[in-house]
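Remember, predicted model here, so these are calculated numbers, not experimental data. Residue numbers begin at 1 in each chain, while the letters A, B, ... track the order of the sequences. Heavy atoms only: backbone and side chains are in, while hydrogens, waters and symmetry mates are out.
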Amino acid sequence: MPMWADICVAVLLIVGALAALIGTWGMLRLPDFMTRLHAPTKAATLGAGCALAALALRFYFVEGGSSLRYLIPLGFVFVTAPVSAHMLARAWRARHPVTPKPDPAMPSASP
Amino acid sequence: MSRSGLRWGWFLTLWVAWLLLHGQASVGSALLGVIVAWGVVAWLVPGLPSKRIRPWVLIRLGARVLIDIVASNLSVAWLVMTRPSRTRPAWVSVPLELPDDIRVVMLAAIVTLTPGTLSVEYDAEHASLLVHVLDTAEPAAVAAEIKTRYESLLLELYA
């Protein structure tokens, strides 16, 4: 494995770990439920993305051939993470009526 | 484009994706790929988009989303590290013009995956997406940005 690939893998892993760490920190420090819900999307996108990119790059050099299969989990995360965030937000909204800002005459905004 | 042409397009796309994901190409994996791709096309065709996708638009959309994910990750990270208790959250309703469900789902997923915005509810009656924004000074600008950056490309997606 060439030197520059080693450096790329290391940088990707560190950036991914930092994204996950800051996302966790955000979940602890942000003030209320809805703002806290924003924090895990960082770990799900940049965190998982960088870690899996590092994996794919490393095994491209170790095994040869196409290593795109190591990016499959990213596809699953990108498809499933919005669903769980969506369900949590809906559950919160069931108890807290909401009025959005550019209000296009929507009486259904408050359930 | 004809129905059978679309079938062949999906079949070839799936088969090439299968080979790429498999890593080393071999006769066995190529044959298995033919069976799997044929099975998916035969069983799932009614659920697959029945119009031709413009690949260039899809690539531009993917690149734009990846760039925005990285950029907004940085801005949200900065926000979390500097002033987590003084965010300016807002609820924004984004009126949409997307005609079909699959593109509404794609837009909602993109909005959630971009840190700083979460899609919460799609109001089918008024065709508007309710979005929660983590920190913004002008909520109307966020709605306009979602429309110009993502919805415009999604509208061009099908040929």
Taking the side chain as everything from C-beta on, heavy atoms only, tell me whether [X] gets closer than 4.5 Å to [Y].
X: B:V120; Y: A:M34; result: yes
X: B:F11; Y: B:V34; result: yes
X: B:L96; Y: B:Y122; result: yes
X: B:R83; Y: B:R88; result: yes
X: A:R93; Y: B:L130; result: yes
X: B:V80; Y: A:R29; result: no
X: A:H38; Y: B:L118; result: yes
X: A:L88; Y: A:F33; result: yes

- Which portion of A:A19 sits near chain B, non-hydrogen atoms under 4.5 angstrom: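 Interface part for A:A19: neither.
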
- Contact residues of residues 55-70 of chain B (partner chain A; heavy-atom separation under 4.5 angstrom):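 Listed by number: B:I69, B:V70.
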
- Among A:I14, A:L55, A:L57, find the one that has a side-chain contact (heavy atoms from CB on, under 4.5 Å) with A:V9.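 When side-chain contact (heavy atoms from CB on, under 4.5 Å) is applied between A:V9 and each of A:I14, A:L55, A:L57, only A:L57 qualifies.
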
- Task: State the CZ-CG distance between B:R103 and B:L155, to the nearest 0.5 angstrom.
- Result: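 Spacing of CZ (B:R103) from CG (B:L155) equals 6.0 Å.
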
- Query: About how many Å separate OG1 of A:T35 and CG of A:D32, when rounded to the nearest 0.5 Å?
  - Reply: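 Spacing of CG (A:D32) from OG1 (A:T35) equals 3.5 Å.
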
- Message: Does any backbone or side-chain atom of B:T117 lie under 4.5 Å from a heavy atom of chain A? Answer side chain, backbone, both or neither.
- Response: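 Backbone only.
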
- Item | Region of B:V142 that comes under 4.5 Å of a non-hydrogen atom in chain A |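 For B:V142, neither part sits under 4.5 Å from chain A.
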
- Members of residues 72-84 of chain A whose heavy atoms come closer than 4.5 Å to chain B: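 Listed by number, the contacting residues are A:I72, A:F78, A:P82.
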
